[in-house]
Amino acid sequence: MEAIEAFAIIILIIAIIILIYYYLLNSPETAQKLRSYVPKTADAHMDELLGKNSDYDLTKEEQAEEESGSMSKRIKVKLSDIDMSGLNTDAFSHKIDAFLDEKSDQLIKDWSLATTNDLDELESKFSETTSHVDSLEKSFDEFKKSSEEFQKVTEEKLDDLDKRIESLENN
């Protein structure tokens, strides 16, 4: 299994756990049943033996102390403040899409992303450049031919001058 596949599986597992958590938050009956089965301490009856109050009969001060001491409690309180009654995956997806639509220009700029308009512009510039290169290549070929002809004519004239100079020297 490749790293990407393992990462995708981990993300799916986390998403399922989050969905179960939200389900438990939104259905108080199920959460109450779950609380009755799962004790808060390692030994559910140890507090009763030691003469302490049970976990579910805490005073408001003890509840405040536990909430401030535990990070998971803080997160739970913050998440419980959110209205989850209308939350479903479609609505959540639409909210994400709306956010991305609003912030797309900023995201493109921040992450230096290319858009289809950028690609179209690059394609047009590329086709223009290739046409210019083709015309330059034709011009170069013509120049090359004309320069070869010029070289031949020049060589002939030089040869003719050499012959004249030799004839003058010999005379």
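Nothing fancy with the numbering, it's 1 onward along the sequence.
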Show your reasoning for whether side-chain contact (heavy atoms from CB on, under 4.5 Å) applies to Ile16 and Ile13. CA-CA 5 Å; Ile16 290 170; Ile13 291 171; 5.7 Å; no

Straight-line distance of Asp134 CG to Thr129 OG1, nearest 0.5 Å: 10.5 Å

I'd like to know if Glu149 pairs up with Lys145 as an ion pair, taking the criterion as any Lys NZ or Arg NE/NH1/NH2 lying under 4.0 Å from an Asp or Glu carboxylate oxygen. no

In terms of hydrophobic clusters joined by side-chain contacts under 4.5 Å, are Leu12 and Tyr21 together? no

Is there a path of hydrophobic side-chain contacts, each under 4.5 Å between heavy atoms of I, L, V, M, F, W or Y residues, that connects Phe150 with Phe140? no

Looking at NZ of Lys109 and OG of Ser104, how far apart are the two atoms once the value is rounded to the nearest 0.5 Å? 11.5 Å

Could you walk me through whether Asp118 and Thr115 pass side-chain hydrogen bond (donor to acceptor under 3.5 Å, both in side chains), step by step? CA-CA 5 Å; Asp118 295 336; Thr115 62; 3.2 Å; yes

Working to the nearest 0.5 angstrom, can you tell me the gap between Glu123 CD and Thr116 OG1? 10.0 Å

Heavy atoms of other groups near Ile4 CD1, more than 12 under 6.0 Å: no

Does the side-chain contact (heavy atoms from CB on, under 4.5 Å) test come out yes or no for Gln151 and Thr154, once each step is laid out? CA-CA 5 Å; Gln151 281 178 344; Thr154 306; 5.6 Å; no

Can a donor-acceptor pair be found between the side chains of Asn170 and Ser167 at a distance below 3.5 Å? no

Spacing of CG belonging to Asp110 relative to CG belonging to Asp105, to within rounding of 0.5 Å: 10.5 Å

Rounded to the nearest 0.5 Å, what separation is found between the NZ atom of Lys95 and the OG atom of Ser93? 11.0 Å

Does one hydrophobic cluster hold both Ile14 and Tyr22, with members joined at side-chain heavy-atom distances below 4.5 Å? yes

Nearest 0.5 Å, what's the NZ-CD distance between Lys144 and Glu137? 10.5 Å

So, do Glu156 and Asp159 sit near enough that their side-chain heavy atoms are less than 4.5 Å apart? no

